[in-house]
Amino acid sequence: MIGSFGAVRAGWRSIRRAKRLVALVALVDMLTCLPAALFVGVAVHTSGAHRVDATELARGLDPDFQHDLFGTDGGLHDLLSVLVIATLVLFFVVRPLFMGGYVGIASRKERIRFDDFVQEGGAVYWKFLRVSLFGLLAAYLLSLSAAPLLEYIDDQAAEFAVEGPALRYRLITEGVVFAAFWVFGTVLDYARVGIRMHRRPGVLAELVRSFVFVLQHPFDTLGFSLISFLLEVGVIAAFVWLLAAADGAYVVTSVIVLLLIQVLIGLREAARLFHIAGAWHLRFREEGDEFGPDGEALGAPEDPLLSNLPWHG
C-alpha cells in the first residue's frame, strides 16, 4: 500500500497540470450527450411544464407521466433509442483518443499543450480502441454469466415467497459481478499504460501482461484503484444531493442543474486521469529500468494517428 500513496501524489500532480484539458474533455462529453438530452428536455417540457404538479414530475419518475409522454405508438421511444445508440457509439469511438491523451499527460512531468494531447492520443488510438472492444466483450460475457443466476434467484423468491434471503443473494451476486467489472477495468487501465510505456505490438499480449502485473502487485494496484473509486463515489454522492436540491420545473433551475452536471462530468474526468496517472507511477516504479533518463521508452518512436493503422500491430 506504500506505493499507493505515491500514486495518489502522481495523480494529483497530473490533475493540477491538466485542468484545462480535463475541462475540455468534459465539454466534449457534454456536447456528445447534448442532442439526446435536449430532445428529452423539449419533449418533457411540452408535455408537463404547464401542469400543476410540474415540480413533482421534475423530481421523480412518474410511470403515468412516462406513459403519457411516450404514448402508445412508440414513435418517440424509437427516436430516443436511436439518439441514445448514436450517442454511445460516438462516445465509444472518441473515448480512446482522450484516454491516450491522459496516458500522455501521466507520462510527462511538464504541462502539455492541446496539440500534444491530441498527438499522444492519436499515437495509440487504434490499440486503445481494441482495448475498449475487449472491455466491451468482457462486460457482455460477465452480464451473460450473471443473468441465469439472477433469474433463478427471482424465480425462487416468487415460488417460495422468501423475498428477504433472495434479495440478499441477489445483492451478493450483483456485488460479485460488479467486483469483476472493477478488477477487469483496473487491468484495462494498466494495459493502456503498458501500451504507451513499452510500444510493443500485440494488444492481447499487453492485456495478459497487465493482468499478471495486477496479480503481482494486488495491494498497490487494486488498493489505489479502490481509492480512486471511493473518491469518485464520494463526488457523485455529493452531487446527487445538490442536484436533488436544485432540481425543479423552472428554466433557471434547469440551467443550474445543467451547470452542476457539467461540473460533475469534469470531476469524473479528473478521476479517470487520477487513476491513469497513478497506474503509470506504479508501473514505471517497477519497470523503470527499461527507460531512458527522460522517462521515454527506449527505442519508442512517436507514431502519428494516420500511420498507426489497425493492421500495423
Side-chain angles (χ1 to χ4, degrees), residues 3-25 94-132 135 185-203 205-207 209-214 216-217 220-221 224-225 227-228 269-305 307-308 312-313:
S4 299
F5 295 111
V8 169
R9 290 194 298 269
W12 175 247
R13 287 195 296 265
S14 294
I15 293 174
R16 291 183 60 187
R17 291 197 307 268
K19 296 186 293 292
R20 295 179 182 178
L21 290 174
V22 169
L24 180 61
V25 172
V94 174
R95 195 65 187 171
L97 182 69
F98 295 153
M99 295 303 294
Y102 284 167
V103 177
I105 292 171
S107 67
R108 302 193 186 190
K109 296 180 180 180
E110 72 280 358
R111 189 187 304 271
I112 71 172
R113 303 188 308 270
F114 173 73
D115 57 333
D116 295 324
F117 180 82
V118 175
Q119 183 179 6
E120 288 282 355
V124 293
Y125 176 82
W126 298 110
K127 290 184 178 181
F128 276 30
L129 182 61
R130 278 177 279 174
V131 169
S132 298
T186 301
V187 173
L188 291 181
D189 276 351
Y190 280 90
R192 295 183 178 101
V193 167
I195 288 171
R196 168 60 177 79
M197 185 176 288
H198 300 291
R199 310 280 189 163
R200 290 179 292 214
V203 170
E206 185 56 52
L207 282 170
R209 284 190 289 264
S210 299
F211 180 73
V212 173
F213 181 84
V214 172
Q216 291 175 336
H217 309 88
D220 285 341
T221 56
F224 176 68
S225 180
I227 292 172
S228 302
E269 289 294 343
R272 297 297 298 123
L273 174 58
F274 179 81
H275 186 255
I276 288 291
W280 179 279
H281 170 84
L282 292 173
R283 194 150 186 183
F284 185 84
R285 186 193 63 181
E286 299 297 328
E287 303 173 357
D289 55 345
E290 302 179 16
F291 296 82
D294 59 349
E296 182 67 35
L298 296 176
E302 288 286 344
D303 297 325
L305 173 63
S307 65
N308 190 20
H312 285 186

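- Between His275 and Tyr190, the angle of the ring planes goes over 60°, which puts this pair in the perpendicular group of the 30/60° scheme.
- A pairwise comparison of heavy atoms in Ala277 and Gly11 identifies CB-CA, 3.7 Å as the closest pair.
- The backbone N or O of Phe213 lies less than 3.5 Å from a partner atom in the side chain of His217, making a donor-acceptor pair.
- For the residue pair Arg283/Ser210, the side-chain donor-acceptor check at 3.5 Å is satisfied.
- Nearest heavy atom pair, residue Ala191 against residue Leu207, reads CB-CD2, 3.6 Å.
- Arg108 is listed as a side-chain neighbour of Glu120, based on a closest heavy-atom distance under 4.5 Å.
- When all heavy atoms are compared, the tightest approach of Leu188 to Gly135 is CD1-CA, 3.7 Å.
- Ring centers of Phe274 and Phe224: under 6.0 Å apart, within the cut-off.
- Taking the side chain as every heavy atom from C-beta outward, Ile195 and Arg130 never approach each other to under 4.5 Å.
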Between His198 and Arg209, is a side-chain contact (heavy atoms from CB on, under 4.5 Å) present by the stated rule, with each step listed? CA-CA 11 Å; His198 300 291; Arg209 284 190 289 264; 5.9 Å; no
Between Ser132 and Arg192, is the side-chain contact (heavy atoms from CB on, under 4.5 Å) condition met? List the steps. CA-CA 10 Å; Ser132 298; Arg192 295 183 178 101; 3.8 Å; yes
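- A 4.5 Å side-chain heavy-atom check between Ile112 and Leu21 finds at least one atom pair inside the cut-off.
- Looking at residues two or more places apart in sequence or on another chain, you find no side chain to side chain donor-acceptor pair (under 3.5 Å) involving Thr221.
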Show the numbers, then the answer: is there a side-chain contact (heavy atoms from CB on, under 4.5 Å) between Asp116 and Arg113? CA-CA 5 Å; Asp116 295 324; Arg113 303 188 308 270; 3.7 Å; yes
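- Between Phe284 and Val193 the shortest side-chain heavy-atom distance does not fall below 4.5 Å.
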The test is side-chain contact (heavy atoms from CB on, under 4.5 Å); show your working for Glu269 and Tyr102 and say whether it passes. CA-CA 10 Å; Glu269 289 294 343; Tyr102 284 167; 2.7 Å; yes
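- Between the CZ atom of Arg272 and the CD1 atom of Ile15 there is a distance of 11.5 Å, given to the nearest 0.5 Å.
- Here His281 contributes atom NE2 and Glu286 contributes atom CD; the two are 9.5 Å apart, rounded to the nearest 0.5 Å.
- Side chains of Asp189 and Ile276 form a contact here, defined as non-hydrogen atoms less than 4.5 Å apart.
- In terms of the side chain to side chain contact (heavy atoms under 4.5 Å, CB included) criterion, residue partners of Arg17 (sequence neighbours excluded) are, by chain and number, Arg13, Ser14, Ile105.
- Interatomic distance, CE of Met99 versus CG of Leu129, reported as 13.0 Å (0.5 Å rounding).
- Using a distance-only test at 3.5 Å, with no hydrogens or angles considered, a donor-acceptor pair links the side chain of Lys19 to the main chain of Arg16.
- Within the 4.5 Å cutoff, the side chain of Arg196 has heavy atoms near those of the Ser107 side chain.
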